[in-house]
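So the structure is just underneath, and the comments pick up after that.
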Amino acid sequence: MARTPLTGTRIRERRTALAVRQADLARASGISPAYLNLIEHNRRRVGEALLVRIAAALGLDLETLSEGAEAALFDWLREAASAQGRAATAAETERIEEFVGRFPGWAALLADRQARVAALERTVEGFSDRMAQDPFLATTLHEVLSAITSLRSTAAILVESDAIDPAWRSRFHRTIHEESLRLSNTAEALVGYLDTLDEAESGLSSPQEEVEAWLAALGFHLAALETARPPEPAALIAGVAELASSAARKLAAGHIARAQADAQALPLKPFLHALGEDGAEPARLAARFGVPLPQVFRRLASLPVAAGPSPVGLVVCDGSGSFTFRRPMPGFAVPRFGAGCPLWPLYEALSRPMQPIRAVIEMAGRVPQRFLTYAICQPVVPGEFDRPLVLEATMLVLPAPAERSQPARPVGVACRICPRIACSARREPSIVA
């Protein structure tokens, strides 16, 4: 159980909030009031057994008095402090626990605001990615600029020319009317398209995204496939609102068939038992069950939320680098269109088929986050003479271990919004420079 020198501050604040006298708490904990006073002022370290008695006397869980229960809160506060610069960060992070102990309400509010800021930043990342690569947006914006240019040219002729033939003037007026309608309709379509953008995932614009949205609503776990007699794919996708197009339903049926094969090769109970013994080590699990690594990757990313490693991400692409499946995870941004630095291990696997790749990457941000990635590329159909080899690369993403002995590759979401200004692989200037 992690405890810091300021555990006493938390005990004092919790006791005060519960209106418990110091003498009563000391008596219930089996220590003297003087000794409890020293603990509450952080002049004596509190042992595990004593902390258990104090927590019981206050009617609280042991974790409530430890940093472990508020680790996420502390992380958000550290991120908020880091936004103030290095000098402020060093001064403020040393007093975060005292701040939480003295003002738990304000601390929770500040952490919630910082979490909201982080969510909005992820939305901006999605918008930036989409506006840079989305062909629909590019075409629509071109239409807007074309209509504006036509209106401006026509209006300039009417303003700068005093004597215009009535027939030509009528034509110019008709042009202004038609171009105004085109601009209005295009702008309305663009606004409607942007309104569909989900805050976390930037909206659905393809059958593949419809499938991913459906799976996300299920936690990427199809519980019906874990039974002895799973239903037909058509029964699982019937009436699903997210699968609006026939193409999406066809892709979903293909995903169900593959997930069913994964569940049969890696049954849930034996796989969870092996996971408890070996941990989330794909190579060990693959050798234990005699299955390919990509199958282990997919199975780890499709386990029930409470059973498997959490969080977990999965990215699959074909030989051209185009995504065929994405399961994002918090903090690890997977670009929807085009390539991105977080996918270096995935594309590295494409260049080295059949060779497993393990890499730790560090995502840029106010508080850099580390992720452990496993990637491999394998052919999906047997090779044939005079035909190109059909390849598929799969990358599993897990949180990196706490120890930092292994060097990490520094990456950013995309060059346009990456704060690593001195990166040698930069393709375009950053707007956050």
Side-chain angles (χ1 to χ4, degrees), residues 122 125-126 129 201 212 215-216 220 262 266 271 275 278-287 291-303 305 308-365 367-378 380 391-415 417-420 423-425:
R122 289 193 296 271
E125 293 170 359
D129 177 43
E201 279 298 302
E212 292 169 5
L215 293 172
F220 289 88
D262 294 343
L266 300 167
F271 188 74
L275 187 62
D278 297 334
E281 289 290 340
R284 293 182 186 176
L285 294 170
V291 298
L293 278 172
Q295 198 164 35
V296 174
F297 293 174
R298 295 193 300 268
R299 191 59 166 146
L300 286 171
S302 63
L303 293 175
V305 176
S310 182
V312 60
L314 185 70
V315 186
V316 184
C317 74
D318 59 19
S320 70
S322 301
F323 300 136
T324 57
F325 184 80
R326 303 179 335 131
R327 178 181 177 174
M329 67 180 296
F332 187 87
V334 179
R336 186 182 298 277
F337 305 97
C341 291
L343 301 175
W344 274 351
L346 181 72
Y347 296 135
E348 186 177 345
L350 276 176
S351 66
R352 293 189 283 171
M354 305 303 295
Q355 180 177 344
I357 294 175
R358 181 182 186 273
V360 176
I361 63 173
E362 183 176 85
M363 189 75 70
V367 178
Q369 293 181 274
R370 289 193 168 200
F371 300 91
L372 178 60
T373 63
Y374 299 90
I376 191 169
C377 174
Q378 292 185 342
V380 292
L391 298 174
E392 181 180 75
T394 308
M395 183 173 75
L396 180 72
V397 185
L398 300 171
E403 66 272 7
R404 301 208 168 194
S405 56
Q406 183 175 351
R409 302 180 187 182
V411 301
V413 176
C415 287
I417 51 177
C418 178
R420 302 185 188 276
C423 177
S424 59

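Heavy atoms only: backbone and side chains are in, while hydrogens, waters and symmetry mates are out. Just so it is clear, the model here is predicted, and its values are computed rather than measured. Quick note: residue numbers are just sequence positions, from 1.
Residue Pro342 comes nearest to Met395 through the heavy atom pair O-CE, 3.8 Å, listed as atom of the first residue, atom of the second, then distance. Pairing each heavy atom of Phe297 with each of Leu396, the nearest pair is O-CD1, 3.8 Å. Considering every non-hydrogen atom in both Leu350 and Gly319, the closest pair reads CD2-CA, 4.0 Å. Heavy atoms only, all atoms of each residue included: Cys317 and Leu346 are closest at SG-CD2, 3.6 Å. A pairwise comparison of heavy atoms in Pro345 and Ala375 identifies O-CB, 3.6 Å as the closest pair. Looking at every heavy atom in both residues, Ala286 comes nearest to Leu293 through CB-CD2, 3.9 Å.
In this structure, CD in Glu348 is found 8.0 Å from CD in Gln355, a value given to the nearest 0.5 Å. To the nearest 0.5 Å, atoms CG (Leu314) and CZ (Arg298) are separated by 8.5 Å.
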CA sep, side-chain torsions, deciding dist, call: Phe332, Ile361, side-chain contact (heavy atoms from CB on, under 4.5 Å): CA-CA 10 Å; Phe332 187 87; Ile361 63 173; 3.2 Å; yes

Criterion side-chain contact (heavy atoms from CB on, under 4.5 Å) on Phe220 and Val312, from CA distance to verdict: CA-CA 11 Å; Phe220 289 88; Val312 60; over 6 Å; no

Test log, rule side-chain contact (heavy atoms from CB on, under 4.5 Å), inputs Asp262 and Ser302: CA-CA 10 Å; Asp262 294 343; Ser302 63; 5.9 Å; no

Met363 and Val411: CA distance, side-chain angles, deciding distance, side-chain contact (heavy atoms from CB on, under 4.5 Å) verdict: CA-CA 5 Å; Met363 189 75 70; Val411 301; 4.0 Å; yes

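Applying the side-chain contact (heavy atoms from CB on, under 4.5 Å) test between Arg299 and each of Val291, Leu285, Leu266, Leu275 identifies Leu266 as the sole match.
Side-chain contact between Pro399 and Met329 is present, with heavy atoms from C-beta onward closer than 4.5 Å. A heavy-atom distance below 4.5 Å is not found between the side chains of Leu300 and Tyr374. In this structure, Ile376 and Met354 have side chains that are not in contact, with every pair of non-hydrogen atoms separated by 4.5 Å or more. With contacts defined as side-chain heavy-atom distances shorter than 4.5 Å, the pair Gln378/Pro294 qualifies. Put simply, the side chain of Pro353 reaches to within 4.5 Å of the side chain of Leu391, judged on heavy atoms.
Under a 3.5 Å cut-off, the side chain of Arg409 and the backbone N or O of Ala359 do not form any donor-acceptor pair.
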